[in-house]
Amino acid sequence: MNLFGERQTSEPAHVERIKAWARATWALADDATVMVTELSCHEPGCPPVETVIALLEAPGRISRHKIHKRAGDVSQADVEALASGGDAHHGH
């Protein structure tokens, strides 16, 4: 049983675009790490695919944010909504 769902293959251009938006939106330092992963979920009530943005700003300081869309469908407004506490689902 995979608790995190299956990892999907995303277009590298989509992932890089989301990373750039995340860096700008959260005003991250150059040494911060941004990871973008598209996951599928087969649990009841879970969206079929979600894009997870993980921000590693310092040792032990990690935040994870989820957008219930495929990476190719994520917009800059979706990423900005995460930072402002908007519609997109997020968690720490």
Side-chain angles (χ1 to χ4, degrees):
M1 175 195 238
N2 184 346
L3 298 176
F4 299 105
E6 288 178 37
R7 183 178 176 168
Q8 300 292 309
T9 303
S10 304
E11 287 290 326
H14 297 308
V15 170
E16 291 306 313
R17 186 173 57 227
I18 294 167
K19 286 181 179 182
W21 292 334
R23 283 191 177 283
T25 298
W26 279 282
L28 298 175
D30 291 341
D31 63 346
T33 300
V34 179
M35 296 185 304
V36 175
T37 307
E38 193 175 276
L39 301 173
S40 62
C41 181
H42 303 288
E43 299 294 321
C46 185
V49 176
E50 62 188 9
T51 298
V52 179
I53 302 169
L55 309 175
L56 295 91
E57 298 180 66
R61 186 168 173 212
I62 301 171
S63 60
R64 288 173 296 282
H65 308 272
K66 298 177 184 179
I67 299 174
H68 295 224
K69 296 180 178 181
R70 293 190 172 281
D73 296 331
V74 172
S75 69
Q76 185 171 2
D78 292 326
V79 176
E80 290 170 351
L82 289 174
S84 66
D87 296 324
H89 175 78
H90 66 282
H92 296 277

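Position 1 is the first residue of the sequence, and the numbers go up from there.
- The minimum heavy-atom distance linking Ala22 with Ile53 is given by the pair CB-CG2, 4.2 Å.
- Taking Trp26 as the reference, His65 meet the ring pair (Phe, Tyr, Trp, His ring centres under 6.0 Å) condition, with sequence neighbours excluded.
- Considering only heavy atoms from C-beta on, Ile67 comes within 4.5 Å of Val79 through its side chain.
- Closest approach of Ala83 to Thr25, counting heavy atoms only: CB-CG2, 3.3 Å.
- With rounding to the nearest 0.5 Å, the separation of CG in Leu28 from CD in Glu57 is 5.0 Å.
- When side chains are defined from C-beta on, Val74 does not count as touching His14, because their heavy atoms never get closer than 4.5 Å.
- Taking Glu16 as the reference, Lys19 meet the side chain to side chain contact (heavy atoms under 4.5 Å, CB included) condition, with sequence neighbours excluded.
- No donor-acceptor pair under 3.5 Å is formed between the side chain of Thr37 and the backbone N or O of Val52.
- Rounded to the nearest 0.5 angstrom, Ile62 CD1 and Thr33 OG1 are separated by 9.5 Å.
- From Glu11, atom CD reaches atom CD of Glu38 across 10.0 Å, with rounding to the nearest 0.5 Å.
- Under the 3.5 Å distance criterion, the side-chain polar atoms of Arg23 are matched with a main-chain donor or acceptor of Ala32.
- How far CG of Leu56 is from CZ of Arg61: 11.0 Å, rounded to the nearest 0.5 Å.
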